[in-house]
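The chains referred to below are lettered A, B, ... by the order of the sequence lines, with proteins before strands, and numbering in each begins at 1.
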Number of protein chains: 2
Amino acid sequence: MEEKLDLLRQHFEELFALTDDEWNFVKSQFQYKSLKKHQFLIQSGQSVDFEYWIINGLVKAYSIDDKGKEHILQFAMENYWVSDHCAFQHQEPGSIFVDCLEDSEFFCLSLENREKICLEVPAVANFFRIKSNNGYINLQQRILSLLTMTAESRYEYLLNKLPKLIQRVPKKLIASYLGVSRETLSRFNS
Amino acid sequence: MEEKLDLLRQHFEELFALTDDEWNFVKSQFQYKSLKKHQFLIQSGQSVDFEYWIINGLVKAYSIDDKGKEHILQFAMENYWVSDHCAFQHQEPGSIFVDCLEDSEFFCLSLENREKICLEVPAVANFFRIKSNNGYINLQQRILSLLTMTAESRYEYLLNKLPKLIQRVPKKLIASYLGVSRETLSRFNS
DNA sequence: CTTGAAAAGTGATTTAGGTCACTTTTAGCT
DNA sequence: AGCTAAAAGTGACCTAAATCACTTTTCAAG
């Protein structure tokens with residue numbers, strides 16, 4: 001477990017250094033969780049008590065529309081953060097599902113503990129500030145790609161940007177992430 | 001000018017209180033800017049030296065595709081923050097335009113000054129952390145709406161969510177924000 | 001008030017991508 | 001290795017929305 005916590009410390013310290021005292025306080029606020037492929041991390045309708053840092057593994061976050069179709073909001077793997085951020089932040093029942101595409105391990109942070117470490121340790125507040133800002137930037141680019149690009153060029157773009165992800169994820173899920181049908185995606189490129 | 005700065009202080013203090021000393025330091029890091037309708041705040045290809053808090057007025061942030069078509073990323077009015085966040089954060093030439101739909105006033109914050117006040121005043125770091133997180137949540141919802149809803153229901157949704165905005169903005173810009181053609185939007189509801 | 005430009009509306013036509021139905025391929029599990 | 005189920009490919013057809021071309025309405029500036 002200590003090595004896994006070290007990975008998390010490294011992750012924090014990519015942006016801002018922490019003293020040993022600060023880190024010992026910070027790490028005590030996380031709890032560990034492990035899930036097998038196909039198990040759920042978050043389910044629509046249930047409370048969302050944590051945001052999750054992924055130690056290793058791969059998950060998908062998605063919503064299900066009225067016709068039962070799944071729409072992928074995010075793929076998240078090792079070193080990523082994932083949650084139903086909206087439900088988590090407002091402490092209300094979630095509206096999306098997150099489940100494991102591979103066996104996965106997580107460090108879990110409650111809202112209360114997140115606010116505690118952010119107020120106690122300014123470096124952590126700054127860490128989450130920069131992380132959220134980067135996340136915002138990524139989503140803006142995804143929105144622009146949805147507004148400006150054809151489904152085919154969004155696919156090419158993703159192939160370039162995250163080639164490793166494409167390997168690990170069935171194409172029908174990629175299709176759902178891109179907002180295109182499985183059949184149409186299958187007719188792309190060659 | 002002091003009243004305008006007071007508005008900014010109130011904006012910060014909606015989330016975290018500041019001492020007078022902190023505020024005096026923070027406010028000294030902003031500069032004022034005023035633009036008339038149709039003037040540009042940010043232009044594609046140019047450096048993006050600031051992020052902007054809008055004192056009053058209304059702007060649109062958009063990109064232009066290869067066919068010259070405009071795609072609206074964001075409308076921003078009083079109390080909103082706007083920039084080409086990607087270019088600003090990475091200090092590289094911008095790829096979007098921001099121009100004024102109405103006469104507008106701004107407080108401008110450089111990256112250097114933002115980092116300075118965030119490191120100096122933890123409440124400010126926490127302010128931007130929460131703001132970015134909320135922004136992230138909003139963009140996730142917009143992505144979901146693009147993936148799951150028809151153009152018509154996105155329009156109805158926007159009518160409910162931001163009725164005041166619809167009043168202030170020509171419908172062809174709303175269409176561009178929703179990712180639908182002007183003509184198609186015009187055929188909706190009635 | 002007038003007038004020129006921008007915005008909005010509308011019909012006709014085209015098209016990207018969805019849906020349905022079925023086949024082929026691939027990947028896990030005993 | 002053999003079997004089942006999921007994933008991927010493919011043809012035929014359909015539809016939401018784009019595009020094009022034009023008219024009507026609204027608005028702002030002299």
Give each protein N/O atom lying under 3.5 Å from an N/O atom of nucleotides 19-22 of chain C, with the pair distance.
{"from": "dT19(C)", "atom 1": "O4", "to": "R187(A)", "atom 2": "NH2", "distance (Å)": "3.2"}
{"from": "dC20(C)", "atom 1": "N4", "to": "E183(A)", "atom 2": "OE2", "distance (Å)": "3.4"}

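- Within residues 148-159 of chain A, the residues that have a heavy atom under 4.0 Å from DNA chain C are, in order of number, T150(A), A151(A).
- With rounding to whole Å, L146(A) atom CG is found 18 Å from dA16(C) atom P.
- Rounding to whole angstrom units, NZ of residue K36(A) and C1' of dG28(C) are separated by 16 Å.
- Side chains of S47(B) and D49(B): a donor-acceptor N/O pair is present below 3.5 angstrom, by distance only.
- Taking the six-membered ring where the residue is Trp, the centroids of F97(A) and Y62(A) are separated by under 6.0 Å.
- Here dA7(D) presents its P atom at 14 Å from CG of L185(A), a figure rounded to the nearest Å.
- Taking the six-membered ring for Trp and thresholds of 30 and 60 degrees, F107(A) and F30(A) have ring planes more than 60 degrees apart, a perpendicular arrangement.
- The nearest pair of heavy atoms linking Y155(A) to K171(A) is OH-CE, 3.2 Å.
- Side-chain polar atoms of Q74(A) and K60(A) form no donor-acceptor pair below 3.5 angstrom.
- Of all the residues in residues 166-179 of chain A, P170(A), K171(A), K172(A) reach under 4.0 Å from DNA chain D with at least one non-hydrogen atom.
- Atom NE2 in H38(B) sits about 11 Å away from atom C1' in dA5(C), given to the nearest Å.
- A side-chain N or O of Q89(A) and one of R114(A) form a donor-acceptor pair less than 3.5 Å apart.
- As a whole-Å value, the separation of L101(A) CG from dA27(C) P is 16 Å.
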Please lay out, stage by stage, how E2(A) and K27(A) fare under the test salt bridge (Lys or Arg N to Asp or Glu O under 4.0 Å).
CA-CA 10 Å; E2(A) 271 317 308; K27(A) 79 176 181 190; 3.4 Å; yes
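- Classified by interplanar angle (parallel below 30°, tilted 30° to 60°, perpendicular above 60°), the ring pair Y136(B)/H85(A) is perpendicular.
- Between Y177(B) and H71(B), the gap from one ring centroid to the other reaches at least 6.0 Å.
- Ring orientation note: the planes of Y52(A) and F106(A) are nearly perpendicular, at an angle over 60° on the 30°/60° scale.
- In this structure, CG of L147(B) is placed 15 Å from C1' of dG17(C), rounded to the nearest angstrom.
- Counting heavy atoms of neighbouring residues, nucleotides and ligands inside a 6.0 Å radius, atom OH of Y80(B) does not exceed 12 of them.
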